[in-house]
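Input: a single structure, listed below in structure tokens.
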Amino acid sequence: MKTVTIVLAGLLVAAPLTPSYAADDSKVKSATERVESGAKKIGDGQIGEGVKETAKGVGATVVEGARYTGEKLKESGQAAEPQAKSAWGHVRDGASAFGHSVKTFFTRLFE
């Protein structure tokens, strides 16, 4: 449960960072509409067919939802990648500057 919460929180945070070619959620919406259609058939008295269509819709919703979530995670990882490289660059540059400062300090100390 914690993993699902973390993933969903990550998606909410990363959603504004995703590029304009974001994952297509039309298949998820289509599967959701299939569940609704099946439920309406159950309400209209077509119980057997309605249950069958609802079950297929639920399965399709789970599959397409997982694909969509995977695409969003992939996109958010790609969006965060340049920032991570930039952060590492700052750490590397800071360590280099620190090393240069230490060298300069000891050089001046023994002059």
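The figures here come from the full heavy-atom set of this structure, side chains too, leaving out hydrogens, waters and symmetry mates. For reference, positions follow the sequence shown, starting with 1.
Partners of Ile42 under the side chain to side chain contact (heavy atoms under 4.5 Å, CB included) rule, at least two apart in sequence or in another chain, are Val51, Thr54. Every residue two or more places apart in sequence or in another chain was checked for a salt bridge (Lys or Arg N to Asp or Glu O under 4.0 Å) with Lys27, and none qualifies. Residues satisfying the side-chain hydrogen bond (donor to acceptor under 3.5 Å, both in side chains) criterion with Glu49, sequence neighbours excluded, are Lys41. Under the rule for a side chain to side chain contact (heavy atoms under 4.5 Å, CB included), Glu33 has no partner lying at least two apart in sequence or in another chain. With sequence neighbours excluded, the residues satisfying side chain to side chain contact (heavy atoms under 4.5 Å, CB included) with Ala31 are Ala60, Thr61. For Ser30, the side-chain hydrogen bond (donor to acceptor under 3.5 Å, both in side chains) criterion is met by no residue, not counting sequence neighbours. Partners of Ser26 under the side-chain hydrogen bond (donor to acceptor under 3.5 Å, both in side chains) rule, at least two apart in sequence or in another chain, are Asp24.
Pairs engaging residues 55-65 under the salt bridge (Lys or Arg N to Asp or Glu O under 4.0 Å) rule: Glu64-Arg67 [sequence neighbours left out].
Note on Asp25 versus Lys29: salt bridge recorded, some NZ/NE/NH1/NH2 to OD/OE distance being below 4.0 Å.
With rounding to the nearest 0.5 Å, the separation of OG1 in Thr69 from CD in Glu71 is 9.0 Å.
For the pair Glu53 and Ser37, the tightest heavy-atom approach, listed with the atom from each and the gap, is OE2-OG, 3.0 Å.
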